[in-house]
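Notes follow the structure.
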Amino acid sequence: MKQAYFPQEIEKKWQKHWEETGAFTTSDESEKPKYFALSMFPYPSGKLHMGHVRNYTITDVIARFKKAQGYNVLHPIGWDSFGLPAENAAMQHGANPAKWTDENIAYMTKQLKMLGLSYDWNREVTTCKEEYYKWTQWLFLQLYKKGLAYKKEAAVNWCDKCATVLANEQVIDGKCWRCDSIVEKKYLSQWFLKITDYAEVLLEDLDKLPGWGDNVKTMQANWIGKSEGAIFRFEVIDAPNGEKIEVPVYTTRPDTVHGITYLVVAPEYKDIEKLTTAENKDAVEAYRANARKMTEIERLSTDRVKTGVPLGTHCRNPFNGEIFPLWTADYALAEYGTGAVMAVPTHDSRDFDFAKKYNMPMKIVIATDEILERMNKGENVVLEKVSEEGGVLVNSGEFNGMDNEKAKKAITQKAVDEGFGEFKTQYRLRDWLVSRQRYWGAPIPVVYCEKCGIQPVPEDQLPVKLPTDVDFSVVGKSPILTSPTFQDTVCPVCGGPAKRETDTMDTFVCSSWYYLRYSDARNSEKCFDRDKVNKWLPVDQYVGGIEHAILHLLYSRFFTKALRDLGLLDFDEPFKNLLTQGMVLKDGSKMSKSKGNTVDPDEIFQNYGADTARLFILSDSPPARDFDWSDAGVEGCYKFLNRVWRLMSTNADKIDIHNSTPQVGSLTKANDDLVRVVHMAIKSITNDISNDFQFNTVISKYRELTNSIYDWAAKAQWNEEDKVVFSFAIKSLLKLMSPVAVHLTEEAWSQLGGEGSIHEQSWCEWDENLAKMSSITLVVQVNGKVKDKIEADESSSEEELKELALSSEKIKTAIDGKTIVKTIVVPKKLVNIVAK
RNA sequence: GCCCUGGUGGCGGAAUCGGUAGACGCGUUGGACUUAAAAUCCAAUUGGGGCUAUACCUCAGUGCCAGUUCAAGUCUGGCCCAGGGCACCA
C-alpha cells in the first residue's frame with residue numbers, strides 16, 4: 001500500500017472510474033425498498049458556494065448510507081435555471097441568458113463531480129430547457145382548466161428595478177427579495193394560482209408531517225394565518241341621497257360588539273364614496289390621496305401615530321341600538337377581511353390608540369376580575385390602558401355575566417338568527433401571483449383573441465418557445481416585447497388574429513414540481529409516468545435551506561395537492577421528511593461577497609481534496625445549526641484523514657480483509673476489548689445517522705475508533721489472532737467512513753484487495769452482546785456525590801454491587817461516623833449511599 | 001406584541017431512561033524526535049481553595065430564581081437573554 005495520502009490523485013482517479021462505470025445510476029426495477037434522497041436544486045449562479053457544499057454533502061451521505069443499508073436509492077440533481085440573474089447578466093454583457101446559464105451549469109457540474117457526489121446524472125433536469133418547460137406549461141394549462149389559474153385586476157407588488165410584479169411571498173419587509181428595492185403597489189391585470197382554495201388543507205396537513213421541524217411548520221401556519229371570527233353587517237342610517245347601504249366588518253372579537261364606539265374603513269374601501277357626506281368629501285379625498293402616496297413600508301410601520309378622518313355618516317348597532325360614526329383610517333387594511341373594522345377602544349390596542357388621539361368614547365364590555373370588583377364597588381372605571389384579556393360581559397344587555405369565550409359564539413349566533421351576521425373563518429394567505437414581465441422564464445401558454453377572449457394554447461402546440469429574436473439591451477420592459485415574431489399568432493378557436501401572452505411564469509412555478517420529474521426525467525410523452533411518480537414519491541428525505549420555509553415548500557405542497565386532485569398523483573404531501581440545514585458562517589457572519597469572507601470550494605478541493613471538505617463541513621455542528629467555517633478546522637480534518645491513511649498504509653502487510661472475522665470467546669483481553677470497541681462504534685454511528693443525521697457525533701466517533709485502534713496497535717504482538725482482529729477493525733472503520741470519505745475509503749479498499757467498490761458493500765452489522773465492554777465501571781456515590789469508581793463484573797447482582805461499594809476504602813472514610821439511611825443501586829451502573 | 005429555536009470551558013460542541021458534566025475536535029501550554037523546521041508522537045488544559053505540590057483532598061459550576069428527587073444540563077413552575085419568523089391581519 002502506498003505510504004503517502006495524495007487526495008487529488010486518488011479523487012480524480014475514482015471520479016473518472018465511477019462516471020465510466022455508471023456507479024450511481026438508479027434503476028426503476030428493483031426488489032429493494034425505495035428511498036428518495038433530495039437536495040434543493042441549485043440556481044446556476046456561476047460557482048458553488050459553501051452552503052451548496054454543506055447541503056449536497058449531507059444528502060449524499062444520507063443517500064450512500066441508505067444504499068448500504070439495502071435501499072434502492074434515488075439521488076438526483078438538476079438546475080433551477082430560469083430567473084432574473086441570467087437576464088441581468090445578458091443585459092450587462094450583451095450575452096444570451098441561455099448561453100450564460102449553460103456555461104454556469106457546465107462549470108458547476110464539474111464542481112459537483114469534484115465533490116464526489118453520488119448523483120444519477122441520467123435524471124438531471126434543467127427548468128429552462130424546452131423538454132422541461134413544455135411540461136411546466138402543460139401543468140399550468142391543467143390548473144387553468146380546473147379554475148386554479150386565473151387572470152384578474154388587482155393591487156399587486158411592483159419592483160421597479162426588476163421591472164416586474166412579485167408574489168406576496170417575495171416581498172420581505174416591503175422590499176424586493178432579490179434586489180432590496182422598495183416595492184410599490186400597482187393596479188394591474190395579472191395571472192394568479194388559487195392557492196387560497198387549499199389554505200385549510202395546507203394548514204391541517206402540517207400535522208401529517210412529523211418529519212418536519214416545528215420552526216418550518218409554524219412559519220407556514222403563521223403565513224396561512226387562519227383566524228376564526230364573525231362578519232357583522234351594519235346598516236348606514238344617514239348615507240348621502242338616502243341610499244340603503246351596509247358596511248360589513250370582520251372581527252375575531254364578536255364578544256365585544258356592545259363596546260363599538262366607531263367604525264373604520266380602509267382608505268381604499270370600495271364603497272367609501274357612497275359613505276361620505278358632501279361636507280366631508282374634500283377632507284376624505286385629501287386623506288385618501290395621501291395614503292396612496294405612502295409606501296408600503298411607511299404604511300405598515302406599527303409605531304406610526306394613527307391618523308384618520310370622519311366620513312360624516314353613521315351606523316346603528318343592532319345589538320344595542322347605539323349610533324356610532326364612520327371614519328376612514330389607514331390602520332384598516334383594504335385587502336384583509338372586509339376592509340372595514342368595528343372599533344372597540346377598550347379591548348383593542350389599535351382602536352385604543354386611535355380613540356385616545358381623537359377623543360372617541362370608550363365603553364367597557366369585558367370585565368376582568370379586577371375591573372369587575374371596582375365596578376361592583378360603584379366606581380366609574382376609566383381604563384388607563386387597553387384591556388385585551390378575557391373576562392365576563394358587562395354593559396352587554398342579555399349577555400351580561402357571560403364568559404367572553406362563550407359569548408363569542410352566542411353573540412354571533414344571535415346575528416345569524418337575526419340575519420345581520422355569520423360565522424367566518426379568515427385566512428391571511430393570498431392567491432399566488434405567478435406572471436412576471438420578464439424574458440427568462442416559461443412563457444404563459446395563453447393567447448388573447450379579440451373575438452374569443454383568453455384562450456389556452458392547445459396542448460399539441462406546446463411548448464410555447466421563448467423567442468430568440470429579442471433585444472436584451474432594452475431597459476424597463478421585458479425583452480420579449482422586442483421580438484417581431486413572438487406576439488402575433490392565430491386564435492386556436494376561431495382562427496382569427498390573436499396576440500400571445502408576453503408574461504412568463506415565476507420561477508417558483510418551475511421549482512414547484514421538479515422533484516416529480518426526477519421519477520421519469522426523460523419522458524417526452526408525459527410530464528411523468530403515473531406509476532413511476534407513485535413509486536418514487538414522496539421524497540423520503542429533503543434537505544435544503546430554511547430560506548425556503550414558506551416560498552418553495554408551501555408552493556410545492558400546494559402543487560402536489562392540486563395535481564393529486566387533478567388525478568395525476570396518488571399522494572398529497574411531497575416531502576415526508578425535511579432537514580433544514582443551518583447557514584455556513586465565517587467569523588460569525590454569513591459568507592458573502594460583499595463582506596469578503598467567502599471561501600472558494602475549488603481552493604479547498606485543490607489544497608486538501610474533497611474528502612477533507614466533506615468531512616469538515618459535517619464535523620463541527622449538527623446539520624440544522626449554523627456552521628462556522630475555520631481554516632484550522634479544515635487543517636484538523638486533513639490531518640485526521642492522513643492519520644487514518646497512515647494507520648493502514650504502515651500496517652498494510654498485517655491486513656487481510658478476506659480473513660477478518662475474529663473468533664470471539666477465545667481472544668486475549670486486549671483483542672476482545674478492541675472487537676467490542678468496534679461493535680460499539682458500529683452501533684452508535686448507525687444510530688447517530690439514523691436519528692436526526694447527527695454527523696458531527698458520527699465524525700467524533702470515527703476519531704475515537706481510530707484512536708482506539710492506534711492504542712491497540714502500539715501494543716500488538718502481530719500474531720495470527722492480532723492480524724485477524726486488526727483486519728476486522730480496519731475493514732469496519734473503512735466501511736463506516738465510506739459515506740463521508742468516499743475517495744479515500746475506495747482507494748484503500750482497492751489497495752487492500754477488496755472486491756468491487758466499497759460503496760457496493762453492505763453496512764456493518766453489530767452484535768448487541770459485543771457492543772459493550774466485558775466489565776463495567778461502577779460509580780459509587782455518597783449522598784449523590786461521586787466518591788469512587790470501581791471495576792466490576794457485568795453480571796454482578798445488586799447485592800454484590802452494594803457489598804463492593806461498601807468495601808471501598810474511600811467509601812468507608814466518606815461514611816465514617818454516619819448512619820446509612822438508604823442505598824440505591826442502579827444495575828450495571830451506580831450505587832448511591834444515603835448517609836446522615 | 002405573538003410564535004419558533006436556542007443558552008453547557010478560551011472556542012465548535014458531547015452527554016438513550018433523571019445516574020461519572022465537559023466526549024471528540026480546535027486553540028493554548030509544556031515535552032519528545034530533529035542541526036533546524038515541517039510532519040508526527042506524548043502530557044496538561046472548567047474555576048476557586050487546601051495539602052505532604054501528588055497520579056491527593058475539598059468547594060462551586062450547564063442563563064437566573066424556586067421546586068420535585070437518594071440523584072437534575074435533563075423533569076415542573078416563574079423569569080432573563082440571544083437568534084429567527086410573523087405583525088396596525090381587526
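Each chain gets a letter, A, B and so on, in the order the sequences are listed, and its residues count up from 1. Because the structure is predicted, anything quoted here is derived from the model rather than measured.
Aromatic ring orientation, A:F232 versus A:F420: tilted (interplanar angle from 30° to 60°).
Residues passing the side-chain hydrogen bond (donor to acceptor under 3.5 Å, both in side chains) test with A:T196, sequence neighbours excluded: A:D431. Under the salt bridge (charged side-chain N to carboxylate O under 4.0 Å, His left out) criterion, A:R288 pairs with A:E273, A:E285, sequence neighbours left out. Checked against ring pair (Phe, Tyr, Trp, His ring centres under 6.0 Å), A:Y358 has the following partners two or more places apart in sequence or in another chain: A:W327, A:F354. Judged as a salt bridge (charged side-chain N to carboxylate O under 4.0 Å, His left out), and not counting sequence neighbours, the contacts of A:D271 are A:K274. Legend: residues meeting salt bridge (charged side-chain N to carboxylate O under 4.0 Å, His left out) with A:E384, ordered by chain and number and at least two apart, are absent. A:E547 pairs by the salt bridge (charged side-chain N to carboxylate O under 4.0 Å, His left out) definition with nothing, not counting sequence neighbours.
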Footprint string (nucleotides 9-26 of chain B, 5' to 3'): B base within contact, S backbone only, - free, heavy atoms under 4.0 Å | ---SSSS---BB--BSSS
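Contact annotation for A:S227: backbone-only contact, meaning every heavy-atom pair under 4.0 Å involves sugar-phosphate atoms and none involves a base.
In textbook terms, a nucleotide whose glycosidic angle is within 90° of 0 is syn, while B:C65, being further out, is anti. In this entry the base of B:G27 is anti relative to its sugar, with a glycosidic angle more than 90° from 0.
Formation of a donor-acceptor pair under 3.5 Å by the A:R430 side chain with backbone atoms of A:R428 is found in this model.
Checking B:A90, B:C3, B:C70 against every side-chain atom of A:K822, the shortest atom distance belongs to B:C70. Listed nucleotides B:C4, B:C41, B:C3 differ in distance to A:R643; the shortest reach to its side chain belongs to B:C41.
Separation of the A:Y702 and A:F640 ring centroids does not fall under the 6.0 Å cut-off.
Distance check, rounded to the nearest 0.5 Å: OG1 of A:T256 to CD of A:E388 gives 10.5 Å.
Applying the salt bridge (Lys or Arg N to Asp or Glu O under 4.0 Å) test to residues at least two apart or on different chains, none of the pairs has a partner in residues 631-651 of chain A.
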Listed pairs under 3.5 Å, donor-acceptor, residues 213-220 of chain A side chains, sequence neighbours left out:
residue : atom : partner : partner atom : Å
A:K217  : NZ   : A:L209  : O            : 2.9
A:T218  : OG1  : A:D214  : O            : 2.7
A:T218  : OG1  : A:N215  : O            : 3.1
A:Q220  : OE1  : A:R557  : NH1          : 2.8
A:Q220  : NE2  : A:A549  : O            : 2.9

Distances under 3.5 Å only, N/O to N/O: pair up the protein atoms with those of nucleotides 55-62 of chain B.
residue : atom : partner : partner atom : Å
B:U58   : OP1  : A:K787  : NZ           : 3.4
B:A60   : OP2  : A:K785  : NZ           : 3.2

N/O-N/O pairs, protein side and nucleotides 48-53 of chain B side, under 3.5 Å:
none

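For the pair A:R646 and B:C41, the criterion of a side-chain N or O lying under 4.0 Å from OP1 or OP2 is met.
Pairing analysis of RNA chain B (Watson-Crick: purine N1 to pyrimidine N3 plus N6-O4 or O6-N4; G-U wobble: N1-O2 and O6-N3; both under 3.5 Å) yields stems of 3 or more pairs at B:1-7 with B:80-86, B:10-12 with B:24-26, B:27-32 with B:40-45, B:46-50 with B:56-60, B:63-67 with B:75-79.
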